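I have placed the structure first, in the form of structure tokens, so that the comments after it can refer back to it.
Reckoned from all heavy atoms, side chains included, excluding hydrogens, waters and symmetry mates. Letters A, B, ... are given to chains in the order of the sequence lines, protein chains preceding strands, and every chain is numbered from 1. The shown structure was predicted, so the numbers you read here are calculated from the model rather than taken from an experiment.
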Amino acid sequence: MIDELGSDQPLSERLDAARARPPSAEGALEVALLAALAMRTQEAASALAGAKDVAESDRHAVISALAALWSGDPRRALVAADRAPDSADGRALAAEALRLDGDLAAVHARLEGIVEGHAFARLVAAHAHVVDDPRRALALLWGFEAGGLLGARARRIRARAWLALDPPEPVRARDELSAGVWRLVRLGAPDELGRAYLLMAEVEGQLEQGRGRAAQWLARAHPLLVRTGTTFDQELLRRAFRRFGRRAIDRLVDQDLEQQIEGLRGAGARASDLSRAAEDAHSGGGQSGRIEQDLRDALGDLAEKGEALIASLESALVDKERTGKLVEVVRGMFLLQSRAALDKEIPRLALSLGGESATLGVLRDGAFAPVSEAGPRPPELDGLTSALGSVLEEGSARILGGDERVFGIVPIRVADADRVLVLRGIGRGGRAAEVDRLQVLSSVAVAAYERTRSAEALRLAAARDAATLEAIRDAIVTLDGDGRVRAINGAGAALLAVARADVEGRPLAEVPGLAALAEAARRGVDDETVSLPHVDVLVRARQYDGGTVLTIQELGRARQLAHKLVGSAARFTFDDLIGEDPAFVDAVADARRVAVADVPILITGESGTGKELLAQAIHNASPRASHPFVGVNVAAIPRELLESELFGYESGAFTGARAGGHAGRFELAGRGTILLDEIGDMPYEMQAKLLRVLQERSVLRLGGTRAIPVHARVIATTHRDLERAIEDGAFRLDLFYRLRVVHLRLPPLRERPLDIPRLVVHCLEQHASRHERPTLSVAPRVMAELVRYRWPGNVRELANLVEGVASLTPLDAREITEVPRIIQRTGSAPPARAPAAGAPSSPDEVESLEDAERRAVAKALAAFEGNILQTAKALGVARGTLYRKMERFGLK
Amino acid sequence: MSIARRSGELVLLPVLDPGAAAPFYELLGFVVTSEDHEEVVLEKPGMQLVLERVDELEKDNGRPRIEVNVDIDILDRVWRTDGRDDPTLPGPTLAPEGVFEYRARDPSGNRVRITAPLPEPDR
């Protein structure tokens with residue numbers, strides 16, 4: 001059995017394993033033992049009953065005894081243990097039962113001869129000594145090494161012994177318990193854990209700084225012992241609650257009485273000794289005169305001390321009664337909610353302190369004007385006016401008059417009007433104590449008036465705050481420091497779809513569906529999108545002293561703001577894409593198909609081919625059409641600002657950062673679409689950051705620490721040849737694959753000559769519509785030139801040129817008859833010679849020096865497999881210069 | 001980098017071998033979110049940890065210390081993994097406020113203060 005108590009394996013695991021074994025009598029006993037230790041009393045009893053085959057065995061007797069002990073029944077445990085009188089386990093358990101029953105002499109008899117070799121017997125022996133001889137208890141457990149319940153109990157007994165020493169050593173007791181608690185938590189032994197917590201409360205109660213913590217340990221012990229403790233444990237718990245919950249004043253009174261009782265006891269003992277000595281002297285024929293004198297003195301002392309004790313007891317009782325009445329009056333005053341109620345009720349309440357009548361009044365124009373009263377009005381009041389005035393001036397309670405006409409005067413100085421309470425017939429006897437009591441009454445009455453005044457001011461302020469909240473169109477929710485809803489305005493209740501009465505005063509985290517909002521409040525978010533079950537909202541949380549204010553906007557409204565901020569909105573649809581050229585039609589058909597699929601799209605094509613227009617059309621045909629479309633021209637944003645533009649920044653992230661931070665384009669896009677225009681121009685080091693965002697679907701604001709989820713779909717466009725850029729080391733291959741899940745290529749206009757007349761006509765119709773004039777036609781000769789022209793600027797160039805020509809055509813003209821000058825100058829024939837190899841085909845493709853330099857460095861590094869010395873040599877720069885360039889270009 | 005930068009719940013920790021250090025932090029409830037030769041990024045609710053490779057660590061008193069709050073089962077696992085489960089040894093320190101504390105070191109020798117509150121009893 002003892003091995004079972006010394007195991008460190010959690011009881012629940014061992015019990016599960018025992019239950020899983022094939023049924024047998026021995027197995028049932030094992031289940032009984034473990035269930036008893038885990039405080040599963042019923043299961044232990046059933047298992048014992050099921051082990052009938054071995055009911056006569058020592059082991060059955062021992063486990064029955066243990067189960068009875070653990071369930072708090074030492075008498076039954078003793079009977080069971082006595083069924084195994086020759087077993088050391090049985091004897092040890094019988095001794096423990098006797099110890100719990102308080103028969104310590106019998107404990108030692110049972111343990112004789114087994115303490116040294118039996119761990120549990122040793123524990124029982126030490127436990128039996130812990131109060132009367134704690135040093136012996138500690139000596140018995142010296143070098144005791146065991147795990148499991150045995151180890152934990154040894155530590156608890158040692159802790160109790162340290163506490164029982166004179167002087168006690170609570171710090172050592174605490175160390176013992178600390179180690180024991182860890183073991184018990186792991187074992188899952190709730191009863192032992194409860195006892196350890198209870199003892200920890202006692203330990204902390206003895207430490208100067210620990211009294212506050214004692215209550216915490218008691219609070220931990222309480223649920224465990226109520227559930228699993230024995231009757232004895234629960235009695236100890238009650239005692240501990242009485243001890244740590246009592247008022248300090250009660251303790252002082254008790255100490256005083258205890259001292260007097262001790263004095264009386266000492267005097268009695270001395271008188272008794274002297275009495276016996278006198279008898280001895282008398283029977284021995286000796287001189288007893290001196291002894292008798294001492295005896296008379298001792299008896300006198302005894303009587304004196306007895307009187308003193310009786311007086312103290314009476315005084316304590318009277319004080320308690322008076323204090324009790326005062327407490328009732330105070331309680332009554334604080335239940336009153338208005339000044340009018342206080343004015344009316346104070347005399348009635350005060351009269352319960354004693355006396356014949358109580359009158360409350362104010363001094364007005366040199367006369368006492370009663371406001372309210374209880375009992376008959378004293379006829380002497382008029383004669384007291386000047387005394388009442390001086391009491392009010394001094395601000396201290398006073399008792400006036402002699403034995404027959406005693407008045408207690410209580411000043412109540414409050415802001416709106418000073419009041420005086422006159423109590424007739426109070427204060428007979430114990431005058432000083434009575435003045436103290438009246439002074440308390442005065443202070444309490446002042447506090448009660450001030451409280452009602454403050455409460456009224458607070459009510460007004462609350463009404464004003466509520467009106468202010470209602471006037472705000474945004475949803476506002478205020479939380480207290482514990483995350484409870486203090487107030488919510490009408491807009492808030494409507495947006496969050498809750499009834500105010502259901503949420504006010506309740507933790508926001510517990511309101512169904514609003515846990516995400518509570519979490520955002522806890523983190524102090526700043527313009528963060530939070531998805532609630534019925535709506536997506538943009539949340540800003542501001543901490544204030546004692547709580548948080550949440551400003552919540554529906555994302556739809558926030559989207560309008562986003563459009564305003566980024567100046568971008570998707571206007572075009574697939575209907576705006578004009579063309580019947582097969583390559584163009586295929587690209588648009590592909591775009592229509594992928595619009596509904598939620599995948600990243602890469603659109604390539606020369607400048608002016610309509611990449612952004614296609615992106616907008618995809619957005620508007622997608623399920624995200626009701627969400628924002630946010631475009632970012634990567635090439636147009638300075639390299640230094642790109643990261644903060646895309647990902648946003650926190651307040652103070654860099655010099656010039658806006659207070660309160662700034663949401664990035666990814667955040668603004670919300671659940672919509674973000675267009676990364678001219679992605680091919682993105683700096684190399686930014687590409688890694690973008691890749692990370694796309695992989696993790698979250699952004700980290702600059703200077704921020706919190707990941708903000710990204711829900712937006714990404715469409716990227718470029719006029720560059722990205723594959724070549726990858727080869728040149730200017731574009732990351734992994735980012736390319738991440739973006740190019742679907743690749744749409746828009747053909748240049750020169751490759752779709754059949755579409756040119758249609759586009760020209762479309763542009764002329766649009767011009768006519770805008771300017772409210774008839775649609776111009778185009779002379780066949782001019783149209784032929786337009787079709788032959790190479791259109792390096794593609795559709796954009798065509799639209800601009802047609803717009804310009806139409807605008808210059810006289811208002812009375814119906815036809816464009818002249819070939820535009822640019823076409824005349826440039827000529828519409830193919831160029832005389834192809835551009836030199838590697839030369840850009842259009843001005844848009846001219847590469848910046850920096851890009852060229854980055855490409856050169858990347859190429860050289862690749863060629864020399866990262867060898868810095870050789871690379872630097874080949875590039876004709878110093879090693880340090882190469883390192884600096886690598887850092888600048890984000891190359892490794 | 002030789003000094004840990006700590007900003008909110010993001011901790012950058014220099015280690016000699018991020019790959020070797022990561023399992024220790026996984027034991028503490030972190031989950032690896034990305035890793036390469038130079039760094040391993042791990043996360044647990046409310047905390048992101050970046051283990052950064054360095055060639056040499058500073059002396060002990062210049063090294064960063066981090067504090068991780070875990071539940072008691074995780075503390076028990078760390079305790080056992082550290083080979084401290086000798087029944088005769090005392091458990092992790094129990095502070096008077098009811099919090100267990102254990103000071104461990106990660107494979108690079110960084111000091112990690114692990115705390116676990118006492119489990120709340122079922123009421």
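- Using a cutoff of 4.0 Å between basic side-chain nitrogens and carboxylate oxygens, Asp8(A) and Arg186(A) are not scored as salt-bridged.
- Between chain B and the options Asp175(A), Leu700(A), Val181(A), Leu193(A), the largest number of non-hydrogen pairs under 4.5 Å is found for Val181(A).
- Heavy-atom distances place both the backbone and the side chain of Leu75(B) under 4.5 Å from chain A.
- Between Tyr197(A) and Trp217(A), the ring planes are tilted. Angles from 30° to 60° get that label.
- A donor-acceptor contact shorter than 3.5 Å links the side chain of Thr33(B) to the backbone of Val41(B).
- Heavy atoms of Glu97(B) lying under 4.5 Å from chain A belong to its backbone as well as its side chain.
- Taking chain B as the reference chain and counting heavy-atom pairs below 4.5 Å, the highest number among Arg692(A), Glu176(A), Met200(A) is found for Arg692(A).
- Looking at Glu101(B) and Thr115(B), their side chains never bring a donor and an acceptor atom within 3.5 Å of each other.
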